[in-house]
Protein chains: 2
Amino acid sequence: MAVTDEAIEKIKDMIVSGALRPGDRLPKESELAADLGLSRNSLREAVRALSLIRILDVRQGDGTYVTSLDPQLLLEALSFVVDFHRDDTVLEFLAVRRILEPAATAMAALRISEQQLDALTAQLDKLGDDPSVEDLVACDLEFHRGIVQSSGNSVLCSLLDGLSGPTTRARIWRGLTQEDAVGRTLREHRAILAALRDRDAEAARSWATVHIASVEQWLRSTL
Amino acid sequence: MAVTDEAIEKIKDMIVSGALRPGDRLPKESELAADLGLSRNSLREAVRALSLIRILDVRQGDGTYVTSLDPQLLLEALSFVVDFHRDDTVLEFLAVRRILEPAATAMAALRISEQQLDALTAQLDKLGDDPSVEDLVACDLEFHRGIVQSSGNSVLCSLLDGLSGPTTRARIWRGLTQEDAVGRTLREHRAILAALRDRDAEAARSWATVHIASVEQWLRSTL
DNA sequence: ATGACCTGATACGTCGGAGGTCTTGAGCGA
DNA sequence: TCGCTCAAGACCTCCGACGTATCAGGTCAT
């Protein structure tokens, strides 16, 4: 195994074992390199790799720190990975979302706050009659994220965020706007919201399922 | 933005845009560094980072290649990330698994092959009366993976694989063996298998839910 | 006394070059 | 034809130097 890979493992072990805790500062590059028995260059490769997936936070002129290691932060790297997938696997991602999102929406029905409901309503109202693709993507993202956040499970939230991140959604919406599906999709958003307001978990789950299934169906017919 | 980060973005763009396809070979380090306008050292940091998350495959003496970009491969990096999470977030991961796994098991009920069923049965039979923790973990992993693979969705499979990877499972089993939960858990495995053999998707879903809920319940009581 | 500003120490960022090691494939001999 | 040798090519590791950003402490004007 290459020295850099060893370094990655050792740093990982230091964190997993608790020797390094979230927020802790690592020894400076030259010292850490000496401790781990490799050159500064090779160590930097290890640090850079861990920083890409948000394990470490490198601040020039200051030092290198362990991040908070929050699920939200770490799963952020997921969207980076998802961006690499080609269209032919979008359906598989959507199928997973179809499993997770209804469950999350049902959970949210029991926990979502009144003010969050009002915020979602206001957000839907804000969208004009002829919104741009960018607006639709942003609105869609915000809407679902707002609901999933109210599920109370940050792992679930981050996962859904990563699975159907901006890129994937943009691809889908770009196609949707070419059809007449925009209106229906927005109406489904309102139906989900109404179910949440009624605290009707099963209705919320079903609407969420319908919502994603309709996108899935459309997508399947065009690929 | 640092030159290394720029390089990461540029390489990512080359792949996403299709200029580099899965399996393609990158220009050699010195050339690519010259093309992107940075030093070889800095480029290596970018390549190393992308190789940690399985976007690139670096082979010493040969060259650097774009991986297959299979969901399975890319989501493998997920387990690396999950390893960093502390015990207090295990419950959230388990909650997500509780959503995904029953759905996957239900899907598998409709698609799993006879020989796969036989293989799972044989595997359960192989486990003796007093298995070690390592055997239990390996068996548990194999059992659930075998089922989820039969769901036919590789993203779902990889995701579950990553979410409840070896580390998480080991932590749980190490605790479980201290109680009398081993026998019950193995019986639940057999019940899931029986439902699959009956092609009874709903029964399979329910048994899977019960199975994970019982682990969840136990875990909640001990944390 | 308080605030802004300057400055030195510190730590990460980038670079170029020098050897080392591994893989591959062409070339050679049995 | 098969197996071996070996040289070219590509990645691996390291070193030393310099650039750049941050922070802490001191200085000076208010």
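Every chain is numbered from 1 and lettered A, B, ... according to where its sequence line falls, protein lines coming before strand lines. Computation of the quantities below employed the complete heavy-atom set of this structure, encompassing side-chain atoms and omitting hydrogens, waters and symmetry-equivalent molecules. Keep in mind it's a predicted model, so treat the numbers as computed, not measured.
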Check your understanding: Phosphate oxygens OP1/OP2 of dG13(C): is one of them under 4.0 Å from a side-chain N or O of Thr4(B)?
Key -> no
Between the side chains of [X] and [Y], does any donor sit under 3.5 Å from an acceptor?
| X | Y | answer |
| --- | --- | --- |
| His144(A) | Asp161(A) | no |
| Ser158(B) | Glu76(B) | no |
| Thr64(A) | Glu29(A) | no |

Study note, to complete from the structure: Ranking dA21(D), dA10(D), dA11(C) by distance to the side chain of Arg25(A), first place goes to dA11(C)
Practice item. Quick one: label Thr64(B) by what it contacts on the DNA or RNA (base, sugar-phosphate, nothing), any heavy atom closer than 4.0 Å. Key: sugar-phosphate
May I have the distance from [X] (atom [atom1]) to [N] (atom [atom2]), rounded to whole angstrom?
| X | N | atom1 | atom2 | value |
| --- | --- | --- | --- | --- |
| Gln60(A) | dA21(D) | CD | P | 6 Å |
| Lys28(A) | dA9(C) | NZ | P | 13 Å |
| Leu56(A) | dC12(C) | CG | C1' | 13 Å |
| Asp5(B) | dT20(D) | CG | C1' | 15 Å |
| Met1(B) | dA21(D) | CE | C1' | 17 Å |
| Leu32(A) | dC12(C) | CG | C1' | 13 Å |
| Asp57(A) | dA11(C) | CG | P | 17 Å |
| Glu29(A) | dG16(D) | CD | P | 16 Å |

Check your understanding: For residues 33-49 of chain A, which residues have at least one heavy atom under 4.0 Å from DNA chain C?
Key -> Arg40(A), Asn41(A), Arg44(A), Arg48(A)
**Study point:** Minimum side-chain heavy-atom gap Ser151(A)-Arg111(A) below 4.5 Å
**Key:** no
Check your understanding: Any side-chain heavy atom of Phe143(A) sitting closer than 4.5 Å to one from Leu120(A)?
Key -> yes
Study note, to complete from the structure: Tested for side-chain contact (heavy atoms from CB on, under 4.5 Å) against His85(B), the lone hit among Leu74(A), Leu69(A), Val155(A), Asp70(A) is Leu74(A)
Practice item. Working to the nearest 0.5 Å, report the span between CD1 of Ile212(B) and OG of Ser164(B). Key: 7.5 Å
Exercise for review: Using the closest heavy atom to pick a nucleotide of DNA chain D for each, name whichever of Gly63(B) or Ala2(A) lands nearer the 5' end.
Suggested key: Gly63(B)
